[in-house]
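Report on the structure given below.
Just so you know, these numbers use all the heavy atoms, side chains as well, and skip hydrogens, waters and symmetry mates. Letters go in sequence order (proteins before strands), and every chain restarts at 1.
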Amino acid sequence: MQVATSELDEIRAIERKWQDRWFGDKIFEPKSAGPKKYFLTTPYPYTSGPQHIGHTRTYNVADIHARFMRMNGHNVLWPMAWHITGTPILAISSCIERRESATIALYKNYVRLYEDDESRVEQIVNSFVDPWNIANYFAEKIAPDFKKMGFSIDWSRQFTTGDLVYNQFIRWQYGKLMELGLIVRGQHPVLFCTIDQNAVGEDDIAGGDVKKISIDDYVGIKFSLDEAYVVTASLRPETVFAVTNLWVAPDATYVKAYVDGETWIVSLESASKLRYQQREVTIIEEFQGTSLLGAHCVSPLGRKIPILPASFVDSDHGTGIVMSVPAHAPYDWAALNDLKQQGSTGLDVDLSSLRSDIEAIQPISLVKIDGYGDFPAAELCERYGVRSQRDDETLSHITNILYREEFYTGILKETAEQFDGRLVRDVKQDIVEFLNSRNAASSIYETSTKGLCRCGGRVVVAIEPGQYFLNYGDPHWKEKAFELLDQLEIVPEIYRAQFVQTFEWLDQRPCVRRRGLGTEFPFSTEHWIIEPLSDSVIYMALYTVIQHIRECDPKRLTPAFFDYIFLGKGHATDVCQQTGLPETVIRAARKDFIYWYPNDHRHTAIAHISNHLSFFLFHHAILFPEPCWPKLVTLNELLVRDGVKMSKSKGNVIPIATVPEVYSADLVRLCLVSIADLNSTVDWREKEVEMVKKRLLRFWHATKRDVEAARPEYNGPLSFASRWILAATKAMVSKTSEAAHQFSYRKYVTEAFFEHLNRVEEYKSMILGGNERRRTLWDVIDIWLRVLAPVVPHIAEELWERMLKSGYISLAEFPLYDDLYAETLPQKGFLDGVISDISNIQAAIKRETESVFIYLPAQWKYTLYAVARGLDDPSIKNIMARAKEDPFLRMYMKEIAHIAPDLAKSLAHEALSADALDFQAESETLLAAKDYMTRKFGKHVHVCAENDNVYDPANRARRALPMKPAIYVE
RNA sequence: GCGGAGGUAGCCAAGUGGUCAACGGCGGUGGGCUCAAGAUCCACUCUCAAAGGAGUUCGCGGGUUCGAAUCCCUCCCUCCGCACCA
């Protein structure tokens, strides 16, 4: 917001003017007919709040490309709709209902972007207790925001994923998947709120966006104690071979309970959490942890081990009972150490009766890892200076280090009996089976960290019975998906590997949830809602027909109808009879679908590769025939601000709604593509924006002046400078066109905007005025504006109008490349070299000078160069030999011997010979630029030739070489 | 750990076999303009030399090549994804 704004006012007014005209005239709503159709899609926004400049990056790339394609004669359809499915909107709604101040403040700020009246803001936010109001409010506001960016979207095809039409469409999709046997049922652990009695997502968890909670799959290991099992929970079951004792928290409450018919001893908290995991739990008695102390239980391996107290044990984690493996677990080592040096436990427990047990404990070494001895936990505790089990931070840090090291590189020792020599990471499943064979293992889920639901309830792991899954692991489905992927073009191509990776790894995935907005799952009497990532994968197809069916009675939109329009199954007349829909509607929908599908191009952010985009491809592969498969996916990286990720909590988000006030649409559009290529992060920095703004204004003011009058009359000859700028403009057309086809829009704007602006300014300093210049600039601008139009359409449109052009530049034809005057390009390169040499020399001599003499080399030197270039092997020896054969060159053998070494060297550089000029071209260039150079250096510039008997006091002329004339400054 | 991307001058960042001491921007220095500031323009901004020159540079270390920022190998470091979350 540091950007000074007033000088942009004129641009902003222009932007509003053209947006009104474009959308008023509906120029971005294509006819469903004609050659070269181009169907482009981008994600429909999730309407839980306003869009920010980060989202804008994606749409900006899409828009620039859409505009480029349109100007290149394509019939472009780029529609937009609104995603409202899922729990986030619901979560916000319930926060507002609970009058949660942070959420209310946040949403008031959002609404203030659009409303001036504070009482109205209040009223709108209050209405958000109904989630539909949130969805609808932001859907209505994001569209105008996109218009303010000038995005060339067809707004006539909007829908939301909560519309009845959409629900029918999704039911058809899931009906198909069901028929194909791709939906399966199963049990599945989820995060669950104990108050809401519902599954929770990241958005439901307090601080869930910062502190991620995941589900850990623990192995419960049963230790016999009389008729009961003392159950521990471990992520590393192999350590059962090195267990020396168990730890309990003496102050905590434990229970003896029937769990699925067995008697378990676990903490009270654990018992209640187990109930959520489809277990039958009946508590028999409660007691304090102290009463377990000193008991000896029997490990699954038959070892007798004592139960001891430890203060680090959390009764609310796992089962509240910990398997002690002092050799490999830093906490255990520290706790054991505390006990052995009595008094440092920090617990009010009488250890006297446990003394002999404690003394008897010896750590058991189990895992071999490089760089450590038998007891890595001990080594790490010493290295990090752990004093007691209460050094929680250090212990948790070194536990992580050690567990990772042991898990990925550790090898089990003979202590592990039949698992001796196995890699730790490979052995987990076998250990579980081994324990199971002794009825000593049981699966227990626990959250990775403790969390609360926004409603205040505890988040625990629950097992949902009868969850529906999409079976992405189905071999036939996978095969089809890979087939599609092989044909799919991906830009930037580097992301293909991530798709392959995702495709290989995709397996069963839950596709319904207990709550949220969306489409009810059609094959269950229970209440299941198809979740957001599962209902948003083939909606592109709906865009092609929505205008025909929007007004239809949704009940008539049966599977038979969708089968016909999307798959061509059956006959229109039959469908008409079955559904009661007008046959014209059915036929028109089918026709439009056939015209627009496939989705030629989908552009989105890389975050979607491992989910949305892969699902998009999977579903298309199985539901649609090959000709309807997507053709191209392009991707962009994310956007950060001053090196920091934008997020609500950091308060560094720039909403699109503020763009027209703080910046300008064209400015933001230009910045977003000029800062970084698709495959790198855009870092939004005000300084850089400021720089781009200055250039943009410079372009605007200069070009505005250049097109002030009508096209000037000029029929005279064109000077070198004019021919060069025309050729350079055409070369720019060719370079940008190529860049656009490769989606290198950064290159596109660098070439078309920044560099060309410099070139035009240089041209203006080469030729000061007159009709030739005015006329040439006019012709340059005519081409230039059309190249810039996709990026800065508003300014381009305005200047186009001021040039008295008819029609929108947005719909004009992209300029074509031709090579008229192309010979001036190497000449200009030569001139630049000479100018830079003169500058160098001038800078080096540091004294007042008046004149510059440029000496072009003698003709024989050009001959020598031409001869040398013709050699297969231009070595010094060969050059000399060949020169000797030439009667003309033979006269200069002494000089040639001097030049040959450098010549041989420079000929190794292929490029030098490619743009070689002859004497004629070089002298023409220098003479044409003489006045320009004189002005530039403020000195008389003289162009002479080496043989002229010319003024040459320093005897420099003899150093002249082709492409490198001699220079004397006096 | 697996998979992916990347490490380039004070900072950001282009460049993927020779036109590379390496585009561009920021920052810095000097200068023009101005009463002055801002804005703007010009020059310089690795080291040395100072008539267009030389040397040493592109994470570390090796290798291939007439020639490497660019290709190959070892290592070090950073970022992203690894699921039920949009």
Side-chain angles (χ1 to χ4, degrees), chain A residues 4 7 43 45-46 48 83 85-89 188-191 199-205 208-209 212-215 404-405 407-409 423 425 464 467 469-470 472 492 494-502 504-513 531-534 536 606-612 614 637-638 642-643 674-677 679-681 683 685 687-688 690-692 694-695 697-698 746-747 750 754-755 758 761 829 833-834 836-846 849 875 905-906 908-915 936 954 956 959 963-969:
Chain A
E7 67 262 62
Y46 194 70
S48 59
H83 200 197
T85 308
T87 51
I89 289 179
H188 177 65
V190 291
L191 294 176
V200 291
E202 193 180 301
D203 301 277
D204 304 307
I205 297 167
D209 54 332
K212 308 260 184 204
I213 301 183
S214 58
I215 296 170
R404 189 179 320 149
E405 189 73 12
F407 182 77
Y408 290 116
T409 69
L423 277 168
R425 66 172 160 199
E464 287 268 27
Q467 166 76 288
F469 296 81
L470 278 171
Y472 291 113
I494 50 166
Y495 296 115
R496 183 177 295 275
Q498 292 193 33
F499 277 98
V500 172
Q501 165 90 357
T502 305
E504 279 168 358
W505 148 94
L506 271 175
D507 199 357
Q508 298 193 356
R509 183 184 191 284
C511 60
V512 294
R513 300 191 64 177
E531 64 86 42
L533 282 166
S534 302
S536 58
I606 51 160
H608 295 136
I609 294 176
S610 66
N611 44 59
H612 165 76
S614 289
E637 293 266 346
L638 72 164
D642 297 313
S674 70
I675 291 170
D677 266 321
N679 60 355
S680 39
T681 307
D683 191 355
R685 289 181 299 189
K687 270 217 163 103
E688 230 157 308
E690 186 65 19
M691 188 275 292
V692 176
K694 282 178 198 163
R695 303 280 296 179
L697 286 168
R698 201 157 129 191
R746 182 178 195 275
K747 201 189 252 176
T750 305
F754 297 97
E755 292 192 7
N758 285 343
E761 285 179 353
V834 173
S836 126
D837 280 350
I838 295 173
S839 303
N840 273 341
I841 293 166
Q842 200 164 275
I845 55 182
K846 282 181 189 150
T849 55
S875 63
K905 199 173 149 195
S906 66
H909 301 241
E910 191 76 33
L912 192 93
S913 55
D915 287 341
K936 189 176 174 80
R956 305 203 55 88
R959 298 174 52 147
M963 292 303 280
K964 192 128 182 113
I967 293 159
Y968 171 62
V969 182

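Taking the P atoms as reference points, B:G3 lies 35 Å from B:G67, given to the whole Å. Across B:A69 and B:G59, the matching C1' atoms stand 12 Å from one another, rounded to whole Å. Remark: the separation of the P atoms in B:G10 and B:C77 is 23 Å, to the nearest Å. Look at the P atom in both B:U29 and B:C79: the space between them is 34 Å, to the nearest Å. Annotation: B:C35 and B:C20 have their P atoms spaced 43 Å apart (nearest Å). With both ends at atom P, the span from B:C75 to B:C2 equals 11 Å, rounded to whole Å. Taking the C1' atoms as reference points, B:A86 lies 15 Å from B:G81, given to the whole Å. Using atom P as the reference point in both B:G1 and B:G15, the two lie 30 Å apart (nearest Å).
Of the two residues near RNA chain B, A:S839 and A:T750, the one whose nearest nucleotide lies more 5' is A:T750. Taking the nucleotide of RNA chain B with the nearest heavy atom to each of A:A954 and A:F469, the more 5' of the two is matched to A:A954.
Panel note: side chain A:S536, backbone A:P532; a donor-acceptor pair is recorded below 3.5 Å.
Here the P atom of nucleotide B:G3 and the CZ atom of A:F499 are 19 Å apart, to the nearest Å. Look at OH on A:Y968: it is 13 Å from P on B:A51, rounded to the nearest Å. Note: CZ (A:R959) to P (B:G52) measures 6 Å, nearest angstrom. As a whole-Å value, the separation of A:D677 CG from B:G25 C1' is 15 Å. A straight line from CD of A:E637 to C1' of B:C79 spans 10 Å, rounded to a whole angstrom. Summarising the geometry, the separation between CD1 on A:I675 and P on B:A14 is reported as 12 Å, rounded to the nearest angstrom. Between the C1' atom of B:G15 and the NZ atom of A:K747 lies a distance of 10 Å, rounded to the nearest Å. With rounding to whole Å, A:F754 atom CZ is found 10 Å from B:G25 atom P.
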A:L533 vs A:H612, test: side-chain contact (heavy atoms from CB on, under 4.5 Å). Steps then yes/no. CA-CA 6 Å; A:L533 282 166; A:H612 165 76; 4.2 Å; yes
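Among the protein residues, A:D683 comes within range of no part of the nucleic acid, since none of its heavy atoms lies under 4.0 Å from any strand. Looking at heavy-atom distances under 4.0 Å, A:P532 makes contact with sugar-phosphate atoms alone, never a base. Using a 4.0 Å heavy-atom cutoff across all strands shown, A:P492 reaches no nucleic acid atom at all. Residue A:N611 is classed as a base contact, given a heavy-atom separation below 4.0 Å to a base. At the heavy-atom level, A:Y495 lies nowhere under 4.0 Å from the strands shown. Within the nucleic acid shown, A:A676 has no heavy atom closer than 4.0 Å to any nucleic acid atom.
Using a cutoff of 4.0 Å between basic side-chain nitrogens and carboxylate oxygens, A:K687 and A:E690 are not scored as salt-bridged. The pair A:D837-A:K964 meets the salt-bridge criterion, with a side-chain N (NZ, NE, NH1 or NH2) lying under 4.0 Å from an Asp/Glu carboxylate O.
A:I609 pairs with exactly one of A:R496, A:Q498, A:Q501 by the side chain to side chain contact (heavy atoms under 4.5 Å, CB included) rule, that one being A:Q498.
Taking only side-chain atoms of A:L506, from C-beta outward, the nucleotide of B:A83, B:C85, B:G52 with the closest atom is B:A83. In this structure, the nucleotide among B:A14, B:C12, B:G4 sitting nearest to the side chain of A:R685 is B:C12. For A:H83, counting side-chain heavy atoms from C-beta on, the closest listed nucleotide (B:A51, B:A14, B:A86) is B:A86. Of the candidate nucleotides B:G4, B:A83, B:A86, B:G4 has the atom nearest to the side chain of A:Q498. Of all nucleotides listed (B:A51, B:G4, B:C84), B:A51 comes nearest to the side chain of A:I841. Listed nucleotides: B:G81, B:A14, B:G52. Nearest to the side chain of A:S610: B:G81. Comparing B:A83, B:A86, B:G81 against the side chain of A:Q501 picks out B:G81 as the nearest. Nearest to the side chain of A:K964, among B:A83, B:G52, B:A51, sits B:G52. Taking every side-chain heavy atom of A:L533 into account, B:C85 is the closest of B:G27, B:C85, B:A5. Distances were taken from every side-chain heavy atom of A:A966 (C-beta onward) to each of B:C84, B:C82, B:G52; the shortest belongs to B:G52.
If you take OG on A:S610 and CZ on A:F499, they are separated by 9.5 Å, rounding to the nearest 0.5 Å. The structure places OG of A:S614 at 11.5 Å from NE2 of A:H608, a figure rounded to the nearest 0.5 Å. Taking CD from A:E531 and CZ from A:R509, the interatomic distance works out to 4.5 Å, rounded to the nearest 0.5 Å.
At B:G4, none of the side-chain N or O atoms of A:R496 fall inside 4.0 Å of OP1 or OP2 (strictly under the cut-off). Neither OP1 nor OP2 of B:G52 sits under 4.0 Å from any side-chain N or O of A:R956.
Across the strands present, B:A5 finds its partner in B:U78; the criterion is a Watson-Crick or G-U wobble pair with both atom distances under 3.5 angstrom.
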